[in-house]
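All heavy atoms count here, side chains included; hydrogens, waters and symmetry mates do not. Order of listing sets the numbers, starting from 1, for every ligand and every atom in it.
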Amino acid sequence: TKENGGNSYTVFQQEMAEKQVLRFEIEHELQKAIETQAFDLYFQPKFHSFKRNITGAEVLLRWNHPERGFIPPNVFIPIAEESGLIVEIERSVIERVMACLADWDHAAESAIPRISINVSVSTFLQDDFSAFFCDRLQHYNISGCLLELEITERVVMQNETKINMILQQLRETGVRISIDDFGTGYSSLSYLDKLKVDILKIDQTFIQHIQHNQTIVAAIQSLADNLQLHTIAEGVETEEQLQKIRSLGCTEVQGYLFSKPLPQADFEASYIEQIPA
Ligand code: C2E
Ligand code: CA
Ligand code: CA
Ligand code: CA
């Protein structure tokens, strides 16, 4: 009835208003969280799908809020993106990771794993992003070869000339570029031929239902082979998924089957071999 319609509309409006308030509050608190360095870096290792040795690790942000408790990145990252705070947050992640790498580089006995960092569209498109990145590498006296930047298809859908220029400048440092959540964007595939990227991260939704998505994953793998790109499968949780992925030719995996994202200290204890004192 009309009356019911009106009611549900009011309820809807009320819910929207509450969401807006929460958003506003979180945005305000994000600002404080930046100032107080309230974000923790977690590291999720990546592994060779056959040899099962570590090949790298992805940094994932965790926000443990003093009152609200744990706020997942899927909640605060979009708010940070809309408010523009993401640029400051991600630049600080880049700095912190580089500082870690510099420490590990001094202390580690053997090769240290390459660390990948998620970079959002607005951070990547800042006019001085590549200059910032190069400058910080010099400051920490490390090679870009120790790093990887994970960007999404939203980035490569932007102005091709501009993206190409940024990628070119970044490549000179040795940093690798991967396309995150590959296969879920709505972009055309033609950019893969024009823009120099290194890795396709096959989205975890394909891996979760690998039995139904075999054809798609096989197509992504052969596309990558033809373009001489590397692939990694995300969100691998079971041995069955691992077997299937291996049979399709994908040689790198990340997921709960091998390891959850770990607090920095745990990651270091397990994967950074220290020179004995
Ligand atoms: P993502 O970049 O696709 O990261 C992978 C997400 O999948 C992570 O969730 C990770 O914990 C989770 N994951 C890993 N293995 C498995 C698995 O086997 N099964 C399942 N079900 N999940 C798995 P998380 O840490 O909650 O992060 C969610 C998203 O938040 C990330 O998705 C990324 O888009 C974003 N994010 C996190 N940190 C940052 C950051 O520093 N910058 C930006 N721009 N985004 C970030
Ligand atoms: Ca990622
Ligand atoms: Ca992903
Ligand atoms: Ca994702």
Legend entry - Contact summary for Leu101 and Pro113, nearest pair of heavy atoms: CD2-O, 4.3 Å

Legend entry - Counterpart residues, side-chain contact (heavy atoms from CB on, under 4.5 Å), relative to Asn53 (two or more places apart): His48, Lys51

Inset, instruction - Quick one: sort the Phe43 and Phe267 rings into parallel, tilted or perpendicular, breaks at 30° and 60°. - result: parallel

Legend entry - Contacts of the Ca ion (ligand 2) with protein N/O/S atoms, counting only those under 3.0 Å: Glu58 OE2, Asn118 OD1, Glu150 OE1, Asp180 OD2

Legend entry - Part of Val236 with heavy atoms under 4.0 Å of ligand 1, whether side chain, backbone, both or neither: backbone

Inset, instruction - Tell me which one of Val97, Ile86, Leu60 gets a heavy atom nearest to atom 4 (O) of ligand 1. - result: Leu60

Inset, instruction - Take every heavy atom of Gly235, measure it against each atom of ligand 1, and state whether any distance is under 4.0 Å. - result: yes

Inset, instruction - Determine, using heavy atoms of Glu234 and all atoms of ligand 1, whether some pair is separated by less than 4.0 Å. - result: yes

Inset, instruction - For ligand 1, note which part of Ile89 has a heavy atom under 4.0 Å away: side chain, backbone, both or neither. - result: neither

Inset, instruction - Decide whether the shortest distance between a heavy atom of Lys201 and an atom of ligand 1 is less than 4.0 Å. - result: no

Inset, instruction - Examine Leu61 against ligand 1 and note whether any of their N/O atoms are separated by less than 3.5 Å. - result: yes

Legend entry - Between Asn164 and Glu160, a side-chain donor and acceptor under 3.5 Å: no

Inset, instruction - Determine the interplanar angle of the Phe124 and Phe129 rings, folded into 0 to 90°, and report it as parallel if under 30°, tilted if 30 to 60°, perpendicular if over 60°. - result: tilted

Legend entry - Proximity to ligand 1 by part of Ile77, non-hydrogen separation under 4.0 Å: side chain

Legend entry - Gln44, portion touching ligand 1 at heavy-atom distance under 4.0 Å: side chain

Legend entry - Non-hydrogen atom of Lys260 closer than 4.0 Å to ligand 1: no

Legend entry - Where ligand 1 meets Glu58 - atom numbers and elements under 4.0 angstrom, heavy-atom basis: 2 (O), 4 (O)

